[in-house]
Amino acid sequence: MHVVFQSGRSSTCLMLAVCAALLGAGATCLSQNEAKPVLRGMVVDTFGAVVPNLTVEISARPVGSVSAKPEKQPAVVPVQTDNYGQFSAGLLPGSYNVCVPRFPKACRIIEIKRSVTPENLVLKISPADEVLDPTLPDSRFQKIAGSSAENCGYVLLDKNPGHATACALRAFKHHKPFYVIYDDHCIDCLSARGLAWNSKGEPYSVSYDSMGISNDLPSPGSSMPDGSHTLVIPCSQPVRVYINETGELDCFKQRELWEQIIERGNHESLLSAGQTDYQELIPALKKRLMDPESFDEEDEKTAIRMALAKLGDREQQQELLCKLYRGSPAESQTVALDQIPYVGGWYAIRIYRELLTPAAATRFAKAKFRFREEDVALSEPRWWALSSLFKVVPDPLPSGIDYGFNLAQMPEYSQKWSAWIQDNEDRLKKLQPTGAGVDFSGRSCKE
């Protein structure tokens, strides 16, 4: 990184505040009619991109002996870079240290002289010199992952975790050490969670709380390396990671934990179980599905069926397809738009390809007559498929296909999608779940 400083003028209030903070209340400041030197700077990285929300500290250097006692060291005035990576501070004539605390090797000295424009100062900062605050989550995650681990970022609350998650997933796939941190809700405290993978190929789920965590370790192998603030849980072997419903990267931890979640979980947590890609959870999901007293809401049973289908359970995949083919038009539409995209894989793509055909439109028309549903709000199967295919196919989308379309474009889009699926069938067939063993013709479905 570089920090570039330029000259300028500041307001009287800012000038007096910096004067008092740096040189003491008894200092003699410049009059309002005199030029007030302003130190202006911009923080940029090694590629020239600005770095916002970064603290820069300015402190007056001791006058006389360089061995001044610590208690007599001058006060530090912190300034923050704005959204454009810029900052400014009015300064009295004198000698100053200008530092970015997270990069202590980059400290430089600048001389401010009366009626003289301050020199342009370029401060070169290397990311390798960054020093993390040992009291914050960053250093704890880094310590677990190792000094060579890639920092994929600290995602603040309500911010999109997509970039950090993609970085962590990419490092995981290439067997490189990494850590990623997601801010967590906490009142009057600091809380975070995430993953840390060290150079030995040992991944851990890590939770941090500045107020402390219960001393009860949740599972064998768990530890609290710093007393009670950080909880480290090893990911289960073989290692599998998944992106949860909030877009964060997580790993499958002890099976007992997930079985407890399935036993007591709600709709969202049950769907998360299906997204783990762990077929070992199928017995626990089926056990709850067979227990008639374990449901408070019908949508929990639906979530279990969807999770089983996503984990590759052929029975639930067949049942889901039969609801689409033999259910009422309203039920078929719900399955096509809400449940099939969740299951995904070649299973979903194959279903949507069939929904693009004239045979699907004929079947839907007969169902409307049979169930006496004439609701004009119901869309047709082609629309279900065109609205959902982009959710289940790998990027990029077929040439000439956009996320939005109108009714007049449905014939054109149907032809493009059908041709693209046929041309890429060998590659798409490998997407899990594949739906192996499912009767996609619907002939085995009961009326």
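Residue numbers run from 1 in the order of the sequence given.
Between the OH atom of Tyr182 and the CZ atom of Arg193 there is a distance of 9.0 Å, given to the nearest 0.5 Å.
Between Glu354 and Arg350, none of the side-chain N atoms (NZ, or NE/NH1/NH2) sits under 4.0 Å from a carboxylate O, so this pair counts as no salt bridge. A salt bridge is defined here as a Lys NZ or Arg NE, NH1 or NH2 lying under 4.0 Å from an Asp or Glu carboxylate O, and Lys287 with Glu259 fails to meet this definition. Ionic pairing of Glu380 and Arg382 is present here: one or more N-O contacts between side-chain nitrogen and carboxylate oxygen are shorter than 4.0 angstrom.
Side chain of His267 to main chain of Ala303: no donor-acceptor pair is present (N/O by atom type, distance under 3.5 Å, no hydrogens or angles). Using modelled atom types, no side-chain atom of Glu57 and backbone atom of Cys99 make a donor-acceptor pair closer than 3.5 Å. For Arg314 (side chain) and Ala436 (main-chain N/O), no donor-acceptor pair under 3.5 Å exists by modelled atom type. Judged by distance alone, with hydrogens and angles left aside, the side-chain atoms of Lys310 form a donor-acceptor pair with the main-chain N or O of Tyr342 at under 3.5 Å. A donor-acceptor pair is defined here as one N or O able to donate and one able to accept, closer than 3.5 Å; such a pair exists between the side chain of Ser210 and the backbone of Leu190. Side chain of Asp426 to backbone of Lys429: no donor-acceptor contact under 3.5 angstrom is found.
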Atom pairs and distances, donor-acceptor, side-chain atoms in residues 414-422, under 3.5 Å, two or more places apart:
from   : atom 1 : to     : atom 2 : distance (Å)
Ser414 : OG     : Met410 : O      : 2.7
Lys416 : NZ     : Gly400 : O      : 3.4
Lys416 : NZ     : Glu412 : OE2    : 3.0
Ser418 : OG     : Ser414 : O      : 2.9

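Taking the side chain as every heavy atom from C-beta outward, Leu195 and Cys235 approach each other to under 4.5 Å.
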Pair Ser269, Asn266 - check side chain to side chain donor-acceptor pair (under 3.5 Å), show working.
CA-CA 6 Å; Ser269 60; Asn266 57 16; 3.1 Å; yes
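Pairs engaging residues 142-185 under the disulfide bond (SG atoms under 2.5 Å apart) rule: Cys152-Cys167 [sequence neighbours left out]. Sorted pairs that involve residues 159-180 and meet salt bridge (charged side-chain N to carboxylate O under 4.0 Å, His left out), not counting sequence neighbours, are lacking altogether.
Ring geometry for Trp197 against His175 counts as perpendicular: the plane angle is over 60°, on a 0 to 90° scale with 30° as the lower cut.
With Tyr278 as the aromatic partner, Arg240 meets the cation-pi criteria of under 6.0 angstrom to the ring centre and within 45 degrees of the ring axis.
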